[in-house]
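Here's the structure, in structure tokens; my notes come after.
So that the names make sense, note that chain A is the first sequence line, chain B the second, and so on, each numbered from 1. Keep in mind the model is a prediction, meaning the values are calculated, not measured.
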Number of protein chains: 2
Amino acid sequence: MPKENYLPCLLQLFRQYGYDGATLSKIAEATGLGKASLYHHFPGGKEEMMISVLAYVEGWLGKNLLPSLQGNGNAQVKLQRMGDRLWELYEGGEQPCLFAILLSGSARDTFHAQVQRLFETWIAAIAAVLMAEGMEANVAKQQAEKAVILVQGSLILSQGLNDVQVFKRIISDLPTELLLNREQLSEYRTNRCY
Amino acid sequence: MPKENYLPCLLQLFRQYGYDGATLSKIAEATGLGKASLYHHFPGGKEEMMISVLAYVEGWLGKNLLPSLQGNGNAQVKLQRMGDRLWELYEGGEQPCLFAILLSGSARDTFHAQVQRLFETWIAAIAAVLMAEGMEANVAKQQAEKAVILVQGSLILSQGLNDVQVFKRIISDLPTELLLNREQLSEYRTNRCY
DNA sequence: GTCTATATTAAGATAGAC
DNA sequence: GTCTATCTTAATATAGAC
């Protein structure tokens with residue numbers, strides 16, 4: 001079997017146990033391979049496994065998440081499409097985010113630059129959608145950051161409360177949440193009639 | 001030295017490295033104690049260390065975070081006070097949340113129930129503040145969850161982007177964010193004059 | 001309460017047969 | 001490409017002196 005077949009399984013393991021918690025024994029058991037076979041596919045050991053998984057996820061983002069924001073339709077439609085892709089990526093809120101996992105533990109320094117770049121790419125893509133809707137650049141960037149914050153935070157709370165409804169609700173509300181920015185709110189306030 | 005003196009140091013280590021990444025060697029080095037001395041204070045090893053750290057954090061929450069929501073003042077004031085306490089707890093966004101750390105890795109099952117309880121207590125305290133302001137119970141609970149989501153998500157993004165301004169901004173905006181709920185927004189929309 | 005020394009187990013990694 | 005067997009290192013844990 002080519003090593004690509006094992007990447008989804010490795011992603012699953014790293015998300016569930018983290019980099020330090022995903023031991024070679026667990027990986028061997030989950031993949032059905034012996035430790036030596038794992039080193040045949042990934043001579044650099046666990047670090048190379050994580051590098052491959054990150055490349056796999058980056059490819060998925062490029063093929064699924066970013067295109068969802070770049071096709072036809074207005075911002076509302078695009079953000080809804082992104083929500084659908086996020087639903088798949090995080091399996092309805094059941095799975096933690098690999099990037100969040102990589103922010104602590106012994107792998108922190110090794111992978112931080114790549115994680116940062118992926119966050120920035122994601123934020124820039126959302127901000128572009130909001131700017132195309134006429135939003136000012138700085139506001140769009142802050143709202144895009146808020147989108148990522150809501151996704152990451154809702155994943156944590158869904159898992160903390162054992163209730164994926166939290167993730168579901170945040171994803172559904174995302175278009176409304178982002179398109180109602182603070183300037184519009186002050187406009188609403190100023191023009192209030194009662 | 002009594003073991004209580006080592007709890008802040010242990011908290012720091014578990015937040016930085018996670019449960020699996022915080023090895024006894026690192027703990028020994030950071031505390032300045034030998035491994036055997038660590039077992040004198042915590043006969044149950046790392047698991048007992050984490051239990052003690054969780055109790056320490058729970059005590060801090062009870063003495064600092066929850067009172068910030070229960071004193072004098074309106075909701076705006078209370079949420080600002082909570083923001084100040086969160087700023088201390090997370091050291092201006094530099095430190096990850098221990099609860100989020102505990103959601104993955106090999107300690108997941110052991111500590112999940114306690115983490116869930118702490119999240120629920122925090123959410124209930126925020127919701128109570130919002131209800132005292134006249135907010136309907138269900139909306140208040142969802143807004144309280146949103147507060148926790150924003151805090152957790154902004155910590156992740158601050159660390160992912162290496163930019164604590166993200167955390168700072170979210171904390172500052174928290175009162176406005178929570179007190180402008182969806183029903184008020186539809187009110188604004190309905191009453192718009194232009 | 002802290003140490004040195006040591007035991008035990010598991011994790012990461014490799015050699016070489018098939 | 002996968003295996004068994006083995007090696008090395010590190011992690012968890014304990015015994016017993018001071």
Geometric class of the A:Y19/A:F14 ring pair [parallel <30°, tilted 30-60°, perpendicular >60°]: parallel
In terms of ring plane angle, is the pair A:H41 and A:Y6 parallel, tilted or perpendicular, where the classes change at 30° and 60°? tilted
Under the criterion side chain to side chain donor-acceptor pair (under 3.5 Å), I'd like the reasoning laid out for A:E133 against A:Q76: C-alpha separation, chi angles, the key distance, then a yes or no. CA-CA 10 Å; A:E133 204 78 355; A:Q76 164 94 14; over 6 Å; no
Using a heavy-atom cut-off of under 4.0 Å over every strand shown, decide if A:Y6 touches base, sugar-phosphate, or nothing. sugar-phosphate
Touch class at under 4.0 angstrom, heavy-atom based, for B:G21 against every strand present: nothing
To the nearest Å, give me how far apart CE (A:M50) and C1' (C:dG12) are. 16 Å
Atom-pair distance (OH on A:Y17; P on C:dA11), nearest Å: 12 Å
Interface residues of residues 104-111 of chain A with DNA chain D (non-hydrogen, below 4.0 angstrom): none
Which is it for B:K146 and A:E177 under the salt bridge (charged side-chain N to carboxylate O under 4.0 Å, His left out) test, yes or no, and what are the steps along the way? CA-CA 11 Å; B:K146 191 172 155 187; A:E177 191 75 49; 2.9 Å; yes
Any side-chain heavy-atom pair of A:I51 and A:F42 under 4.5 Å: no
I want to check something: taking the side chain as every heavy atom from C-beta on, are B:I156 and B:Q152 in contact at a cut-off of under 4.5 Å? no
For nucleotides 4-18 of chain D, just jot down a letter per nucleotide in 5' to 3' order: B, S or -, based on protein non-hydrogen atoms under 4.0 Å. B------SBBBB---
Do the side chains of B:E91 and B:R15 get close enough for a salt bridge, i.e. N-O under 4.0 angstrom? yes
Salt-bridge criterion met for A:E88 and A:R85 (N-O under 4.0 Å): yes
Determine: side-chain N/O of B:H40 to OP1/OP2 of C:dC3, distance under 4.0 Å, yes or no. no
